[in-house]
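This one's a predicted model, so the numbers in the text were calculated from it and none came from an experiment.
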Amino acid sequence: MKSTIRKSTYKAIYRLLDRVSPLPYDCGALCSAACCTCGETEDEEDARLGIYLLPGEEKLFSRKEDWLIWTWERAEDFDFPDSWTGKVPFIRCAAPPHCPRKHRPLQCRFFPLTPHLTEDGTLRLIWNTVQLPYSCPLIEKRMELTPSFIQATYTVWKRLIRDPLIYDLVLMDSEDREFDQIPLRFVR
């Protein structure tokens, strides 16, 4: 599985997203970084939240970061598009919430927004629809997100979906939402 996105493009995307945040302050202060710390006790180490990196995003990491726990999962064993084959990197924070903020992966940077392709192929940003094992005040209270965060996130997703693998993932997730008739709350 090979991404068409170059390392230099991912670096530029990270730099753009470094300059924005969902709120004018660290939203983790609202919930004690629930998204980072859910399942952080030793008894629940296997239950710790983690994320899959987007195709090619692993180019930004050495895989020797002491703050990350890496595993590689077979795409065919999980709910990925048929175009995804081979191994997909899955990472978890080793000592949440003490991860270097400037190195956090894209899915952390986008939260609580997610991309959605409408039936006519239009890219929209929506509030996250995935059931979470924690409470996110941004989602529950429908807090107003900073316009710069929304715009930067939209700009990045417009670029990312030009990669066929990422497009297939966004399309599959969008079709699943439509099929499940999840009420969507559009942000942009």
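Residues Leu117 and Arg177 are not in side-chain contact: their nearest non-hydrogen atoms beyond the backbone lie 4.5 Å or more apart. You'll find the side chain of Asn128 stays beyond 4.5 Å of the side chain of Leu113, heavy atoms only. For the pair Leu16 and Val156, the minimum side-chain heavy-atom distance is below 4.5 Å. With a 4.5 Å cut-off on side-chain heavy atoms, Pro55 and Ile166 count as touching. With contacts defined as side-chain heavy-atom distances shorter than 4.5 Å, the pair Phe80/Leu169 qualifies.
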Worksheet item: Between Phe110 and Trp157, is a ring-ring contact (aromatic ring centres under 6.0 Å, His included) present by the stated rule, with each step listed?
Response: CA-CA 9 Å; Phe110 296 140; Trp157 275 112; 4.8 Å; yes

Worksheet item: Does the pair Leu17 and Arg19 meet the rule for a side chain to side chain contact (heavy atoms under 4.5 Å, CB included), with working shown?
Response: CA-CA 5 Å; Leu17 295 174; Arg19 297 192 299 258; over 6 Å; no

Item to complete: Could you walk me through whether Ser3 and Asp163 pass side-chain hydrogen bond (donor to acceptor under 3.5 Å, both in side chains), step by step?
Response: CA-CA 7 Å; Ser3 170; Asp163 178 280; 3.0 Å; yes

Discussion item. Please evaluate residues Arg92 and Trp70 with respect to the criterion side chain to side chain contact (heavy atoms under 4.5 Å, CB included), reporting the C-alpha separation (whole Å), side-chain torsions for both, the decisive distance (0.1 Å), and the verdict.
Written reply: CA-CA 7 Å; Arg92 296 182 296 169; Trp70 288 79; over 6 Å; no

Item to complete: For Tyr52 and Glu73, run side chain to side chain contact (heavy atoms under 4.5 Å, CB included): C-alpha distance rounded to whole Å, both residues' side-chain angles, the deciding distance at 0.1 Å, then the answer.
Response: CA-CA 9 Å; Tyr52 290 96; Glu73 309 295 341; 3.9 Å; yes

Discussion item. As a quick check of understanding, evaluate side-chain hydrogen bond (donor to acceptor under 3.5 Å, both in side chains) for Glu58 and Tyr10, giving each step before the final call.
Written reply: CA-CA 10 Å; Glu58 71 278 1; Tyr10 270 121; over 6 Å; no

Item to complete: Kindly indicate, with the supporting measurements, whether the criterion side chain to side chain contact (heavy atoms under 4.5 Å, CB included) is fulfilled by Leu160 and Ile5.
Response: CA-CA 8 Å; Leu160 289 174; Ile5 300 176; 3.5 Å; yes

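Under the 30°/60° scheme for interplanar angles, the aromatic rings of Tyr14 and Phe61 are found to stand perpendicular.
Between the Trp67 side chain and the Pro100 main chain, no donor and acceptor come within less than 3.5 Å of each other. Remark: the backbone N or O of Ser21 is not paired with any side-chain donor or acceptor of Arg109 at under 3.5 angstrom. Distance alone, capped at 3.5 Å, places no donor-acceptor pair between the Lys158 side chain and the Leu123 backbone.
Between Thr9 atom OG1 and Glu57 atom CD the span is 13.0 Å, to the nearest 0.5 Å. Between the CD atom in Glu76 and the CH2 atom in Trp84 there is a gap of 11.5 Å [rounded to 0.5 Å]. Here the CG-CG distance, from Leu54 to Leu106, works out to 5.5 Å after rounding to the nearest 0.5 Å. Rounded to the nearest 0.5 Å, atoms SG (Cys93) and CD1 (Ile51) are 8.5 Å apart. Put simply, OG on Ser174 and CD1 on Ile126 are 7.0 Å apart, with the number rounded to the nearest 0.5 Å. For the atom pair OH of Tyr154 and CZ of Arg159, the computed distance is 15.0 Å after rounding to the nearest 0.5 Å.
Of all non-hydrogen atoms in Val88 and Leu53, the two that sit nearest each other are CG1-O, 4.2 Å. What you find for Val170 and His116 is that their closest heavy atoms are CG1-N, 4.4 Å. The shortest non-hydrogen separation linking Arg74 to Lys87 is CG-NZ, 3.9 Å. Nearest approach of Pro22 to Phe111, heavy atoms of both residues: CG-O, 3.6 Å. For Met172 against Asp79, the heavy-atom pair with the smallest separation is CE-O, 3.2 Å. Minimum interatomic distance between Lys2 and Leu165 (heavy atoms only, all atoms of both residues): O-CD1, 3.4 Å.
Shown here is Arg6, whose CZ atom has no more than 12 heavy atoms of other residues, nucleotides or ligands within 6.0 Å. Counting non-hydrogen atoms of neighbouring residues, nucleotides and ligands closer than 6.0 angstrom, the CG atom of Asp82 reaches no more than 12 such neighbours.
Taking the ring axis of Tyr167 as reference, the NZ or CZ atom of Arg162 does not stay both within 45° of it and closer than 6.0 Å to the ring centre.
For Thr153 and Gln151, the side-chain atoms include no donor-acceptor pair closer than 3.5 Å.
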